K.L.:
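My questions all concern the structure below.
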There are 2 protein chains.
Amino acid sequence: MATIRDVAQRAGVSPATVSYVLNNSGPVRPETRERVLRAIAELGYHPHAGARQLKRRRSDTVGLILPTGERRLSDPFFLELIHALGDACADHQLDLLIATCRDPAADLRLIDRLYKGRRVDGFLLIDLQRRDPRIPHLQAAGIPFVAFGRIEGNGEFPWVDVDGEAGIREAVAYLVERGHRRIAYLSPPLSFTFAHHRLEGYRKGLAEAGLPLEEALIRIARPTMEAGYEAARALLVEGIPFTALIAATDLMALGAMRALHEAGRIPGQDVAVIGFDDIPMAAQTHPPLTTLRQPMDQIGQALIRTWLAAVRGETPPPTLIQPVLIRRESA
Amino acid sequence: MATIRDVAQRAGVSPATVSYVLNNSGPVRPETRERVLRAIAELGYHPHAGARQLKRRRSDTVGLILPTGERRLSDPFFLELIHALGDACADHQLDLLIATCRDPAADLRLIDRLYKGRRVDGFLLIDLQRRDPRIPHLQAAGIPFVAFGRIEGNGEFPWVDVDGEAGIREAVAYLVERGHRRIAYLSPPLSFTFAHHRLEGYRKGLAEAGLPLEEALIRIARPTMEAGYEAARALLVEGIPFTALIAATDLMALGAMRALHEAGRIPGQDVAVIGFDDIPMAAQTHPPLTTLRQPMDQIGQALIRTWLAAVRGETPPPTLIQPVLIRRESA
DNA sequence: TCCTGGAATTGAAACGTTTCAATCCCGGCG
DNA sequence: CGCCGGGATTGAAACGTTTCAATTCCAGGA
């Protein structure tokens, strides 16, 4: 494999000059640059990442911890997120390192190994819990990171999030405007921060419309299709009347629609349904799902931009991204 | 950040000894080892990945190229795959580097950059095409890789694949046994190798049952829910009679079920439906989908095992994994 | 008591960059 | 014609490991 010395020799210059060309640091005569570039192309030279990392003291790599096992993320939403992150990384010449972790205890050890070993320059945290042990750990260790999501009390750290509260409020307003008065709400456990915000949106939305908050209409269920199904079925079985239903994630909405179908109540006709996320499948359900889109590209870009700032040692401001109501036939 | 010298000093030994302890190479007195380990723990030392990479001439990192843009993989199946890969990597102390790539031309450049820069030791290829330009490129450059899937003619390279032919044949046999004679089949474009194999399974399955192959029952459509929907709808609109339908992916099956519902034909009752993949959602459709499960953990393990062998310079044999028919209510 | 040999330990040289400081080159000015 | 100054180039020292070869240590045999 060619090294910088090989390139230097071939171009008839010193390695230092090659380095200057490579990094656009230092003054190089245009003609020399030309020769160096030609040598690079001819040799098919690519700088050794490890050597660079060693010398520059950074790896230009973003760390992403993916929980597996029990906590595994099976929402297709995350595949979209990974895509968006990958794209945003590519735009900034960064690499994306995915590390998986079976149990929460190992999370922190993994973080240390990757960071102290300089394998990554900082982290992206996803699937945030309201009280997330990773946050204090990272803060204490002075490891740069950006969270996708917030924690209880909006601690002092860089984050990017989608405004779930505003989104759900908009959904409620939309339904109210269409004459709905009894709107059920499917919420994931409040240990997820996003669940908390979205529920808040539901509350405020009702309040703004002057509607009472009825506890029986609110169901807590895991953010999966199955749990959404069960929760909606429970509502139906218990005979709680409602003409519309908002689910905090599309997956839950899909489950709910299945329950409605089974009960002979046509979604979009007998019961309005609204989801959240706009996973690709949402456009293809029966009927197509009205939902709040999380603008993935924007999210990816914001996360990486913020991450870069954090790694540079700045304290970038949080970013709150507005979801977009996508009207389809389910509501 | 602590270095190996710090550890050495603290333990009262030379860096070489610390290295021996770290890697279990070279003889070390148990008592010395103890002292070194204590120093490591006290300092919270983690070896610098870049330095290691430089010296050992390998990075212990698996490269995975994720196409985005047009070719983006939005099948939730891939999220499962990423999880499985992450787990398998963790088992072998490997890291997983995800690189994204918008256009096919850039694929090859990306591969070169990552490999020649020793950022990764080799690649995992997914989303294989029947004639995949990446394969000859990697072979010519002598870059280790393992493909998840085959190409036309089963070229001479390491691969792991799920036996789509056997799977679909089993599905056909299963349906025939239940009295079905007119079985529609939804196939992705044959430029995907897996589509080719699965279609072959359909052909052979029919032949084994002594049923004629009717071209009108075979529909080619992109492996998305939307395309599955359209294809099934076309069948229905054209009035082609069929009592069962096999889709080459779950996503297509979901689309088909939607078309059936819309046409008033209840899946699992009026028409048997079988998918392929067993994405998490398959258990939650209406009705739950009978499908051929791709055993993800097995796949991840096989891929990484094979990858390791390939990186060591061996020429590991291909692995063909059997899918498992999961009976649910759709067929 | 000295020597031997194997086990344990160490010193130092690499791995391939980047970057500081030093040197070289050359046109223009005095 | 010599010198100056600034741009261009280079040499060499890191960065933090691993590993070869050399050295030290020590128990046991002669």
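No experiment lies behind these values; they were computed from the predicted model shown. Reminder, nothing fancy here: chain letters follow the sequence lines and each chain counts from 1.
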K.L.:
Separation of Arg5(A) atom CZ from dA13(D) atom P, in whole Å?
P.N.:
13 Å
K.L.:
How many Å lie between CZ on Arg118(B) and C1' on dT17(C), as a whole number?
P.N.:
16 Å
K.L.:
Nearest to the side chain of Arg57(B), heavy atoms from C-beta on, is which of dG16(D), dG16(C), dT18(C)?
P.N.:
dG16(C)
K.L.:
Return the value, rounded to whole Å, for the distance between atom CZ of Arg119(A) and atom P of dG16(D).
P.N.:
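About 17 Å, once rounded to whole Å.
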K.L.:
Just by distance, do the side chain of Asp163(A) and the backbone of Gln322(A) share a donor-acceptor pair under 3.5 Å?
P.N.:
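Absent.
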K.L.:
Can you measure Arg58(A) atom CZ to dT17(C) atom P for me and round it to whole angstrom units?
P.N.:
15 Å
K.L.:
Each nucleotide in nucleotides 6-12 of chain D should get exactly one letter: B, S or -. Can you fill that in based on protein heavy atoms under 4.0 Å?
P.N.:
--BBBB-
K.L.:
Find out whether Phe192(B) and Arg130(B) are in side-chain contact, i.e. whether some heavy atom of one side chain is under 4.5 Å from a heavy atom of the other.
P.N.:
no
K.L.:
What's the CD-P distance between Glu31(B) and dT9(C), to the nearest Å?
P.N.:
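My rounded result for the distance is 8 Å.
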K.L.:
Report yes or no: is the cationic atom of Arg113(A) (NZ for Lys, CZ for Arg) under 6.0 Å from the centre of the six-membered ring of Tyr115(A), at an angle within 45° of the ring normal?
P.N.:
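Geometry flag: not set, cation outside 6.0 Å or 45°.
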K.L.:
Could you list by number each residue of residues 46-55 of chain A showing a heavy-atom separation from DNA chain D of less than 4.0 Å, or answer none if no residue does?
P.N.:
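Residues of residues 46-55 of chain A that come under 4.0 Å of DNA chain D are, in numerical order, Leu54(A), Lys55(A).
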K.L.:
With distance as the sole criterion, is a donor-acceptor pair present between the side chains of Asp60(B) and Gln53(B) under 3.5 Å?
P.N.:
no
K.L.:
Please determine, by modelled atom types, if Asp112(B) and His137(B) share a side-chain donor-acceptor pair under 3.5 angstrom.
P.N.:
yes
K.L.:
Rounding to a whole Å, what distance do you find between Lys116(A):NZ and dG16(D):P?
P.N.:
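Roughly 15 Å, once rounded to whole Å.
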K.L.:
Can you measure Asn24(A) atom CG to dT18(C) atom C1' for me and round it to whole angstrom units?
P.N.:
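Nearest whole value for this atom pair: 14 Å.
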K.L.:
Do side-chain atoms of Ser59(A) reach the backbone of Arg119(A) as a donor and acceptor pair under 3.5 angstrom?
P.N.:
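Indeed, once roles are kept as given, a pair shorter than 3.5 Å links the two residues.
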K.L.:
Test your reading of the model: is there a side-chain donor-acceptor pair from Asn23(B) to the backbone of Ser19(B), 3.5 Å cut-off?
P.N.:
yes
K.L.:
Contact class for Ser19(B) vs. all strands (heavy atom < 4.0 Å): base, sugar-phosphate, or nothing?
P.N.:
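Base contact.
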K.L.:
Can a side-chain donor-acceptor contact be found between Thr61(B) and Asp95(B) if the only test is distance below 3.5 angstrom?
P.N.:
no
K.L.:
Would you say the side chain of Val7(A) lies within less than 4.5 Å of the side chain of Thr3(A), judging by non-hydrogen atoms?
P.N.:
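No, side chains not in contact.
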